[in-house]
Amino acid sequence: MDSKAPDLAAAYDLASLSGTKRLYAEWAKTYDRGFAAEEKYLLPQRTAQAFVTVGGKGPVLDAGAGTGLCAEELIRLGICEIDATDISPEMLARARQKNLYRSTIEADLLAGIPVRDGSYRGVISSGTFTHGHIGPEALENLLRAGASRAQFALSINAKFYHKAGFAEAFDRMLAQGQITDLALPKVAIYGSGATGEHQHDTALIALFKKS
Ligand SMILES: C[S@@+](CC[C@H](N)C(=O)[O-])C[C@H]1O[C@@H](n2cnc3c(N)ncnc32)[C@H](O)[C@@H]1O
């Protein structure tokens with residue numbers, strides 16, 4: 001990778017897919033015990049909890065699954081049929097070591113996900129709709145993977161939500177009848193004891209159903 005160490009600041013600065021792959025290839029080695037543990041990163045758990053609270057069921061596609069932190073919480077909550085998709089083979093390799101997923105699928109969410117249309121009753125994502133990562137352009141591909149009436153729970157960094165045009169994208173999807181039941185609860189991304197400039201950052205969890 002380039003001179004930047006793998007951390008949140010470097011992740012928020014990403015500007016290309018090759019940069020993303022390079023950063024996560026390196027970050028995979030320390031992501032769980034470094035970033036997630038030290039920064040009290042709780043968004044994966046909060047996203048999984050929101051999904052289950054609104055009645056989400058498996059099989060679930062975990063988009064931008066990384067090392068599997070969302071799946072750990074889904075399994076704790078009783079949902080066990082979960083597939084992971086991510087652009088980083090190194091992050092997925094870490095997830096595989098934990099035996100969380102039925103399968104792991106290496107794919108660029110912006111280019112398409114190689115699964116049959118309508119395969120999943122649930123689609124979840126945490127930490128991937130954020131600065132330097134992916135925007136509303138990926139929503140169509142995720143919708144395609146969901147079955148009719150599939151429950152979605154996608155966390156979106158609150159500042160990025162406005163900057164990247166998610167409000168307009170959801171308005172359009174509602175107006176076109178592609179989704180229903182949209183709710184956008186706000187959650188803290190980090191727990192108490194977090195440090196650094198992003199310690200108070202929030203995310204919206206976009207909860208909706210595919211029509
Ligand atoms: C901050 S991590 C979040 C991982 C995990 N969901 C979590 O909350 O810990 C962002 C993940 O998004 C993945 N990612 C970034 N851009 C992507 C893309 N275009 N397609 C698929 N995955 C992508 C990265 O490889 C990384 O694993």
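Numbers here are sequence positions counted from 1. Each ligand, and each atom within it, is numbered from 1 in the order the structure gives.
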Heavy-atom donor-acceptor pair, T130 side chain to G127 backbone, under 3.5 Å: no
Geometric N/O contact D62 with ligand 1, under 3.5 angstrom: no
Aromatic plane relationship, Y161 with F170 - under 30° parallel, 30 to 60° tilted, over 60° perpendicular: parallel
Pairwise distance CD(Q176) to CG(D171) - rounded to 0.5 angstrom: 11.0 Å
Side chain T202, main chain A158, donor-acceptor under 3.5 Å: no
Heavy atoms from other residues, nucleotides or ligands near NZ of K209 exceed 12 (cutoff 6.0 Å): yes
Subset of ligand 1 atoms that lie under 4.0 Å from at least one heavy atom of M91: 27 (O)
Considering all heavy atoms, the nearest D32-K98 contact: OD2-NZ, 2.6 Å
Residue pair T104, M91: steps toward the side-chain contact (heavy atoms from CB on, under 4.5 Å) verdict: CA-CA 10 Å; T104 57; M91 293 291 272; over 6 Å; no
Best match, G127, S126, A84: closest heavy atom to atom 8 (O) of ligand 1: S126
Protein heavy atom at shortest distance from atom 16 (N) of ligand 1: T20 CG2, 3.8 Å
Option set L42, D86, I105, criterion heavy-atom distance to atom 27 (O) of ligand 1, minimum: D86
Residue portion contacting ligand 1 (non-hydrogen atoms closer than 4.0 Å) for L69: side chain
Minimum heavy-atom distance between A147 and G118, given as atom pair plus value: CB-O, 3.5 Å
contact_flag A65 ligand 1 heavy-atom lt 4.0 Å: yes
Identity and separation of the nearest protein heavy atom to atom 12 (O) of ligand 1: T128 OG1, 3.2 Å
Heteroatom proximity flag, H133 to ligand 1, N/O under 3.5 Å: no
Y31, any N or O under 3.5 Å of ligand 1 N or O: yes
Shortest protein contact, atom 20 (N) of ligand 1 (heavy atom only): L109 N, 2.9 Å
Atom 1 (C) of ligand 1: the protein heavy-atom neighbour that sits closest, reported with distance to 0.1 Å: Y24 OH, 3.2 Å
For ligand 1, the portion of I87 having any non-hydrogen atom under 4.0 Å away: both
Ligand 1-proximal atoms of A107, by part, heavy-atom distance under 4.0 Å: backbone
Pair H198 and Y41, ring centroids less than 6.0 Å apart: no
G64 N/O to ligand 1 N/O under 3.5 Å: yes
Shortest protein contact, atom 18 (C) of ligand 1 (heavy atom only): D108 OD1, 3.7 Å
A36 contact mode with ligand 1 (heavy-atom cut-off under 4.0 Å): neither
Ligand 1 N/O within reach of P44 N/O, cut-off under 3.5 Å: no
L17: numbered ligand 1 atoms lying under 4.0 Å from its heavy atoms: 19 (N)
Between NZ on residue K186 and CZ on residue R46, distance to nearest 0.5 Å: 14.0 Å
Atoms of ligand 1, numbered as shown, that sit under 4.0 Å from any heavy atom of Y41: 7 (C), 8 (O), 9 (O)
Proximity of I134 to ligand 1 by residue part, where a heavy atom lies under 4.0 Å: side chain
T85 side chain vs I105 backbone, donor-acceptor pair below 3.5 Å: yes
Whether Y31 and W27 hold their rings parallel, tilted or perpendicular, with breakpoints at 30° and 60°: perpendicular
Ionic contact status for D86 with R94, cut-off 4.0 Å: no
